[in-house]
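A short write-up of the structure that comes next.
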Protein chains: 2
Amino acid sequence: MPRGREKITPLMHRVLQTLSASRVHLTAEEILECLEGVGRATVYRALDRLCEQGLINRLSLESGTSVYEYVREPHMHFVCRECGNLYDIPAEFASSLEQIMTKCGHSIVKTDVTAYGVCKNCRMAE
Amino acid sequence: MPRGREKITPLMHRVLQTLSASRVHLTAEEILECLEGVGRATVYRALDRLCEQGLINRLSLESGTSVYEYVREPHMHFVCRECGNLYDIPAEFASSLEQIMTKCGHSIVKTDVTAYGVCKNCRMAE
DNA sequence: TACAATAATGATACAGAGTCTCAAAAACGA
DNA sequence: TCGTTTTTGAGACTCTGTATCATTATTGTA
Ligand SMILES: [Zn+2]
Ligand SMILES: [Zn+2]
Ligand SMILES: [Zn+2]
Ligand SMILES: [Zn+2]
């Protein structure tokens with residue numbers, strides 16, 4: 001049960017469309033470029049609220065920047081340090097993670113499983 | 001088998017000492033404060049190289065900043081969105097993660113399992 | 001409809017974290 | 001020792017993201 005404001009403003013809707021259509025992970029700046037004439041602050045506001053409502057997912061990468069994705073199936077991520085590609089890995093640890101955290105007394109809102117290394121393509125190419 | 005420069009400079013050593021002694025997760029700026037008279041660039045350089053050599057671990061948080069820790073046992077992290085505390089959770093997914101990623105053809109260098117939510121203390125206090 | 005209150009938006013100044021450049025200092029090697 | 005390479009520090013700079021605030025759009029109501 002999300003507790004934030006549930007309303008979806010016109011701009012939130014456009015951002016959601018952009019992410020849902022792109023099928024990849026986009027940075028805030030990339031989304032900004034897609035939405036011509038829209039102010040930077042507005043895009044960041046929309047992204048925050050969509051995250052709060054659980055409609056999109058923010059991923060904080062090693063590089064310092066965040067990328068956003070439309071929420072579909074739960075999955076993990078793999079980031080290649082050679083080419084920078086970000087791969088969706090279809091597996092789920094959420095339930096077992098939640099168990100462990102619950103034992104510690106914490107309540108989980110979001111889990112984030114990311115691995116870093118060298119992807120198949122880059123390894124082949126070397 | 002790390003491939004970076006293996007040498008440890010005097011400053012890298014001081015940074016390593018600082019992290020090893022503190023037993024908590026420190027930001028680059030906090031480390032900078034501990035090491036009076038040391039240049040900002042030097043600290044960031046040292047942190048990068050220590051990460052490459054696998055002696056310390058960088059954690060990229062939702063907040064946009066990174067924290068560093070001395071590498072001890074593998075563990076997961078839990079970040080409380082209320083109080084900001086970062087908890088070490090003693091459990092390990094590395095081996096099963098590695099299996100899955102390997103099936104996808106990628107080779108893992110580092111895994112990062114972090115959950116966000118509300119910690120025990122904050123939940124009690126409400 | 002007309003009007004007041006509230007919410008959303010955009011321009012822009014601002015802040016924080018981290019990087020780049022370059023010259024000085026230190027370490028190294030012959 | 002003396003020249004070469006590495007490390008370091010100061011500070012300018014970049015890049016994400018935030019805060020402020022006036023303008024515009026929406027909403028609710030008389
Ligand atoms: Zn790659
Ligand atoms: Zn994804
Ligand atoms: Zn807490
Ligand atoms: Zn830790």
Side-chain angles (χ1 to χ4, degrees), chain A residues 2-19 24-53 55-69 79 81 84 86 112 114 116, chain B residues 2-19 24-53 55-69 79 81 84 86 112 114 116:
Chain A
R3 63 177 56 179
R5 169 187 325 281
E6 288 307 305
K7 189 177 171 192
I8 296 197
T9 70
L11 215 126
M12 283 168 72
H13 195 255
R14 290 179 66 190
V15 169
L16 202 51
Q17 287 275 310
T18 305
L19 276 173
V24 293
H25 307 77
L26 297 178
T27 65
E29 295 298 316
E30 284 167 345
I31 293 165
L32 190 55
E33 280 171 26
C34 292
L35 304 174
E36 203 146 320
V38 176
R40 166 179 270 88
T42 310
V43 167
Y44 278 96
R45 263 190 306 253
L47 288 169
D48 281 349
R49 286 179 57 181
L50 289 168
C51 281
E52 281 169 23
Q53 296 187 22
L55 296 171
I56 67 172
N57 187 30
R58 173 192 286 117
L59 216 70
S60 308
L61 300 181
E62 213 178 37
S63 62
T65 66
S66 293
V67 292
Y68 299 84
E69 67 185 344
V79 180
R81 281 177 172 165
L86 199 165
D112 178 3
T114 304
Y116 295 85
Chain B
R3 62 178 56 180
R5 170 187 326 280
E6 288 306 307
K7 190 178 170 192
I8 296 196
T9 70
L11 216 127
M12 283 168 72
H13 195 256
R14 289 180 66 191
V15 169
L16 201 52
Q17 287 276 310
T18 304
L19 276 173
V24 293
H25 307 77
L26 298 178
T27 66
E29 296 298 318
E30 284 166 345
I31 293 165
L32 190 55
E33 281 171 25
C34 292
L35 304 174
E36 204 147 320
V38 177
R40 166 178 271 90
T42 310
V43 167
Y44 278 95
R45 263 190 306 252
L47 288 169
D48 282 349
R49 286 179 57 182
L50 288 168
C51 282
E52 280 169 23
Q53 297 186 22
L55 296 172
I56 67 172
N57 187 30
R58 173 192 286 116
L59 216 72
S60 307
L61 300 181
E62 212 177 41
S63 62
T65 65
S66 293
V67 292
Y68 299 84
E69 66 185 343
V79 180
R81 280 177 172 165
L86 199 167
D112 178 3
T114 304
Y116 294 86

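Throughout, a chain's letter reflects where its sequence line sits, starting with A, and its residues are numbered from 1.
Of all nucleotides listed (C/dA8, C/dT19, D/dT7), C/dA8 comes nearest to the side chain of A/P10.
Nearest heavy-atom pair, A/V43 versus A/A28, reported as atom, atom and distance to 0.1 Å: CG1-O, 4.1 Å.
The line from CZ of B/R14 to CD1 of B/I31 is 12.5 Å long, rounded to the nearest 0.5 Å. Distance check, rounded to the nearest 0.5 Å: NE2 of A/H25 to CG of A/L61 gives 9.0 Å. For the atom pair B/R58 CZ and B/D48 CG, the distance stands at 5.0 Å (nearest 0.5 Å). In this structure, A/H13 NE2 and A/I8 CD1 are separated by 7.0 Å, a value rounded to the nearest 0.5 Å.
Remark: A/T42 engages A/L11, A/V38, A/R45 in a side chain to side chain contact (heavy atoms under 4.5 Å, CB included) (not counting sequence neighbours). Remark: A/S63 pairs with A/T65 by the side-chain hydrogen bond (donor to acceptor under 3.5 Å, both in side chains) rule, at least two apart or across chains. Judged as a side chain to side chain contact (heavy atoms under 4.5 Å, CB included), and not counting sequence neighbours, the contacts of A/E30 are A/L26, A/T27. Residues passing the side chain to side chain contact (heavy atoms under 4.5 Å, CB included) test with B/R81 are A/V109, A/K110, B/E62, B/Y116, sequence neighbours excluded.
Note on A/S66: only backbone sugar-phosphate atoms sit closer than 4.0 angstrom, heavy atoms only; bases stay farther off.
The CG-C1' distance, from A/L47 to C/dT9, rounds to 15 Å in whole Å. Here the C1' atom of nucleotide D/dT6 and the CG atom of B/L11 are 13 Å apart, to the nearest Å. Atom C1' of nucleotide D/dA25 and atom NE2 of A/H13 are separated by 18 Å, given to the nearest angstrom.
Contact annotation: A/T27 side-chain N/O to D/dT16 OP1/OP2 distance is not under 4.0 Å. The phosphate of D/dT6 has neither OP1 nor OP2 within less than 4.0 Å of any side-chain N or O from B/T9. For A/Y44, no side-chain nitrogen or oxygen approaches OP1 or OP2 of D/dT18 to under 4.0 Å.
For the helix from C/dT1-D/dA30 to C/dA30-D/dT1, the axis fitted to the five pairs at one end and the axis fitted to the five pairs at the other end meet at an angle of 20° (nearest 10 degrees).
The base of C/dG18 does not come close enough to the side chain of B/R45 for any donor and acceptor atom to sit less than 3.5 Å apart.
Scanning residues 29-42 of chain A for heavy-atom distances under 4.0 Å to DNA chain D yields A/R40, A/A41.
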